[in-house]
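This report concerns only the one structure given below.
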Number of protein chains: 2
Amino acid sequence: MQRTDRAPGLRERKKAQRREALVAATHDLVRERGLDNVTVDEICAAVGVSTRTFFNYFPSKDDAVLGNSRQEIPDAASLEFVQGGPTGDLVTDIGHLLVVALDVPVLSTERLADVYDVVSREPRLLAHQMAWMEQQRVTYQELLEARRDVVPSPHDPELVALVLTGLIRAAFTRWHHAGGNGPPSAFVAEVVAECRALLAPDQAP
Amino acid sequence: MQRTDRAPGLRERKKAQRREALVAATHDLVRERGLDNVTVDEICAAVGVSTRTFFNYFPSKDDAVLGNSRQEIPDAASLEFVQGGPTGDLVTDIGHLLVVALDVPVLSTERLADVYDVVSREPRLLAHQMAWMEQQRVTYQELLEARRDVVPSPHDPELVALVLTGLIRAAFTRWHHAGGNGPPSAFVAEVVAECRALLAPDQAP
DNA sequence: TCTGACGTTGCACGTCGTGCAAGAATTCAT
DNA sequence: ATGAATTCTTGCACGACGTGCAACGTCAGA
């Protein structure tokens, strides 16, 4: 059970292949007919597996269209952030962290765009997506708390994490509007800058 | 069908009463046994209505525990905001708008705290909640776009709405941490101020 | 009291998702 | 290569969610 290296093995290959096929079939059918007009049985029929097997791969139909992707932050980057970040300025360092996080490949860029499309069309999926983002938020909040223990900061980790989540979404949206080419992380800088511009000009209290 | 005034009528009273009873029963049972160990039938049995009726009131079990509350922004406030807001400064006016919106009573303050508790314990409800917040976000974005048509602004409505959503959540969280007393809107000002402090200090680009 | 509108209920049905146990495929050891 | 062990797939039964429909009861207004 300690084989995280070496040859992928026939079993693992088949598994990944099936998972891919299931996601693809789900996307196709949903795009064509809408989420609620596609049954799990139909998806399974298209791929050629039993209904039961479907639920061995994904906990729910919705998870299948989302591809069940999970954003992982590289240890090196999160460690550096916790220890005071590359520059020492909180906002700037958050920007760096986001760029690194968004550059971790979870799905092919093309399928990622597919997911974005379907999600924006199906409210229920959006709920799933948001729940997923919430998990992300908790992760970021923990990082912020850890960093605060190292480098004192007057900012509330929860509030910062909340804003940060907004930044991620905004970056993704920009990326999508720009045609979905290249990495979403390319839009982090401009989003951060705009957010600064929004709140920076000190008004009369 | 044009009676938005005058006596509530026996029918309407019974309806509101039933709804209240259903939410209460749902909260009790869920708090006691967890969301997934409570069936709709049990809730209905506790209240004394048929299962079918339950779904006449709420589109899903989850909606029942959330109380299906929908945040309505008073027309007067949204109109003023669109036309350039009370002060003319975008961020300040957003603060005012949030205060007004959060002060609309949707549930009793006590039950609101219940909802918050249950939601933070049940991941699936969180998804629902987030979806609801997303609808809010769209509403705010539309307001921002309308305002921009009246008063030119360099800020992207989507980005602003995203940040704004974070502010609402943060205000609610503060309110909850403070014991859930008084209106959540009381925390808007401090959240906005902190957010400004976070992004205002201009760093070297 | 009568009449029409509205709400409730039971019933049948489709779909989702899970537990279980039998059977097939893959891996491993010899 | 052959058999044993592990892992995965599959069928089956089942509980729960949620909806459409039609019958029935109840409330509002004349």
Side-chain angles (χ1 to χ4, degrees), chain A residues 1-23 25-26 29-30 33-66 68 122-125 127-128 131, chain B residues 1-23 25-26 29-30 32-66 68 118 122-125 127-128 131:
Chain A
M1 189 38 80
Q2 47 194 9
R3 50 153 43 263
T4 53
D5 50 348
R6 275 288 169 236
L10 193 156
R11 214 161 205 153
E12 311 237 354
R13 242 182 311 138
K14 268 199 165 179
K15 210 172 168 180
Q17 198 172 319
R18 255 211 238 270
R19 167 184 294 277
E20 176 74 17
L22 283 170
V23 174
T26 306
L29 287 172
V30 168
R33 281 192 266 158
L35 182 59
D36 289 321
N37 297 323
V38 173
T39 69
V40 174
D41 292 289
E42 288 170 320
I43 299 170
C44 296
V47 176
V49 299
S50 76
T51 309
R52 193 59 188 81
T53 298
F54 180 94
F55 290 105
N56 284 345
Y57 279 84
F58 307 99
S60 76
K61 185 168 77 170
D62 294 2
D63 285 305
V65 6
L66 293 182
N68 224 8
E122 304 279 359
R124 213 180 61 230
L125 289 183
H128 258 254
Chain B
M1 192 35 85
Q2 47 195 7
R3 50 150 46 265
T4 54
D5 48 349
R6 274 290 168 234
L10 194 155
R11 218 163 200 151
E12 311 237 355
R13 244 184 309 139
K14 265 197 166 179
K15 210 171 168 180
Q17 198 172 319
R18 256 212 237 271
R19 168 185 291 280
E20 175 76 16
L22 282 170
V23 174
T26 306
L29 287 172
V30 168
E32 181 183 334
R33 281 191 265 160
L35 181 61
D36 290 320
N37 297 323
V38 173
T39 71
V40 174
D41 293 290
E42 289 170 320
I43 299 171
C44 296
V47 176
V49 298
S50 76
T51 310
R52 194 58 188 81
T53 299
F54 180 94
F55 290 106
N56 283 344
Y57 280 84
F58 307 99
S60 76
K61 184 169 77 170
D62 294 2
D63 285 304
V65 7
L66 294 181
N68 219 12
V118 177
E122 305 278 358
R124 212 180 63 229
L125 288 184
H128 258 257

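Excluded from the calculations below are hydrogen atoms, water molecules and symmetry mates; all remaining heavy atoms, backbone and side chain alike, are included. Each chain gets a letter, A, B and so on, in the order the sequences are listed, and its residues count up from 1.
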Next item on the list: Go through the structure and list residues passing side chain to side chain contact (heavy atoms under 4.5 Å, CB included) with N56(A), not counting sequence neighbours.
Entry: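 So N56(A) forms a side chain to side chain contact (heavy atoms under 4.5 Å, CB included) with R52(A).
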
Send over the distance from [X] [atom1] to [N] [atom2], rounded to a whole Å.
| X | N | atom1 | atom2 | answer |
| --- | --- | --- | --- | --- |
| D41(A) | dG17(C) | CG | P | 11 Å |
| R124(A) | dC17(D) | CZ | P | 16 Å |
| D36(A) | dC17(D) | CG | C1' | 13 Å |
| F54(B) | dG10(C) | CZ | P | 16 Å |
| N37(B) | dG17(C) | CG | C1' | 15 Å |
| F58(A) | dG17(C) | CZ | P | 13 Å |
| K61(A) | dG17(C) | NZ | P | 8 Å |
| E12(B) | dT26(D) | CD | C1' | 15 Å |

Check: Of all the choices, dC27(D), dC17(D), dT26(C), which nucleotide is nearest to the side chain of K14(B) once you look at every atom?
Finding: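 That would be dC27(D).
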
Check: Of the non-hydrogen atoms in H128(A) and S60(A), which two are nearest, and what is the gap between them?
Finding: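 Closest approach of H128(A) to S60(A): CE1-OG, 3.9 Å.
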
Next item on the list: Please name the pair of heavy atoms, one in L66(B) and one in L125(B), separated by the smallest distance, quoted to 0.1 Å.
Entry: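 For L66(B) and L125(B), the tightest heavy-atom pair comes out as CD1-O, 4.5 Å.
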
Notebook entry, point to check: Are F54(B) and V47(B) side-chain neighbours, meaning at least one heavy-atom pair lies under 4.5 Å?
Noted result: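 No, too far: nothing below the 4.5 Å cut-off.
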
Checklist line | Summary of protein contacts for nucleotides 9-14 of chain D, nucleotide by nucleotide, where a base hit scores B, a sugar-phosphate-only hit scores S (4.0 Å, heavy atoms) | finding: BBBB--

Notebook entry, point to check: Within the distance-only criterion (no hydrogens, no angle test), does the side chain of T26(B) pair as donor or acceptor with the backbone N or O of L22(B) below 3.5 angstrom?
Noted result: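 Yes; at least one donor-acceptor contact below 3.5 Å.
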
Checklist line | Backbone of D36(A) reached by a side-chain donor or acceptor of K61(A) within 3.5 Å | finding: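 No, because the side chain of K61(A) does not come within donor-acceptor range (under 3.5 Å) of the backbone of D36(A).
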
